[in-house]
Amino acid sequence: MKNEKKFLALALSILALTSSCDAFATSNGNEYAPERQQAKENILNGKTLYFLGSSVTLGMRSKECAIPDYLSAIDGMNCVKDAVSGTTLISEEEGDSYYARLVHSDRFDKNARIDAFVLQLSTNDAQHDRIEKWGTITADDVFSPDAFDIHTTYGAIESILAYVEKTWDCPIYIYTNAYFGDEGLRSIGNTKGSDYAKLVDGAKEIVAKYDGKEGYEVRLVDLFNDEAFNDISDDDYRFYMADAIHPYRTGYLYWWTPYFEKVLLEDFAEEEKV
């Protein structure tokens, strides 16, 4: 009986692994690659965006194809990404934090004229052992970088905003993950959706503080709380997502990128009216 149970457990494990591998191959097929998509002519053509993030911006489970790559291929944008899996907004003792990479990046031309800067609100900062390092958002009248603590999540975000504004003087977007919960299909072991929801709320406060003040243009692209965006079937979800955090190519192509594209089209259309 024990051997039968061991065999059954092994068989189930192999079946789950095989299913996962099949999904990875199917949802990351060549037909979903950025270079295989039809290019569009629109007002985004030729616009330059810099992306700073971790695995979601890199495309860890999608063969390193993510939003920047699809915007470049489909909308003719010049999207440059500096993305390292597992990294945080918090500047920790070791590792490539967002802020350190931003300041020392050889991918971002400090003298270039760019049209927008995009910052990923990392789920890595919402892992349970990092929540206590979120820190506090400075007062509404505080904009000096000297007041920000890059060893906290909120301090790092404010430091990044200040650096981008000083260096490129361009609109800034902070984008979130799609919704994920604490249990069930749309959940992941090392991060609770309820914790990330609080981090998104903090990002909202930062955007409210900065947008329209001291020359800043800051917008939150909130995939997490958009109910219409997240209202997809479980089958589609499995087709789009490798896990609750990381999309496959299909997820970026059919779900995330169109949302971001719509935001950019609306914003740049408004700018051209001014």
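Keep in mind it's a predicted model, so treat the numbers as computed, not measured.
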Sub-6.0 Å ring centroid separation between Phe180 and Tyr196: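 Yes, the ring of Phe180 comes within the 6.0 Å limit of the ring of Tyr196, centre to centre.
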Should [X] and [Y] count as an ion pair when the cut-off is N to O under 4.0 Å?
X: Arg238; Y: Asp235; value: yes
X: Arg101; Y: Asp82; value: yes
X: Asp267; Y: Arg219; value: yes

Crowding at NZ, Lys81 (>12 non-hydrogen neighbours, <6.0 Å):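 Counting neighbours around NZ of Lys81, more than 12 heavy atoms of other residues, nucleotides or ligands fall under 6.0 Å, so yes.
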Crowding at CD, Glu31 (>12 non-hydrogen neighbours, <6.0 Å):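 Correct, the count exceeds 12.
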Taking atom types as modelled, is there a side-chain donor on [X] or [Y] under 3.5 Å from an acceptor on the other?
X: Ser194; Y: Asp182; result: yes
X: Ser55; Y: His246; result: yes
X: Thr153; Y: Asp125; result: yes

Lys NZ or Arg CZ of Arg186 over Tyr179 ring: under 6.0 Å, within 45°: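 No, Arg186 and Tyr179 do not form such a contact.
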Close side-chain approach of Leu253 and Ile74, heavy atoms under 4.5 Å: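 In short, these two side chains touch, coming nearer than 4.5 Å.
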Chi angles and distances behind the salt bridge (Lys or Arg N to Asp or Glu O under 4.0 Å) call for Asp115, Arg113: CA-CA 7 Å; Asp115 296 285; Arg113 179 194 176 281; 3.1 Å; yes
Verdict with supporting geometry, Lys209 and Asp140, salt bridge (Lys or Arg N to Asp or Glu O under 4.0 Å): CA-CA 6 Å; Lys209 171 185 172 178; Asp140 286 347; 5.9 Å; no
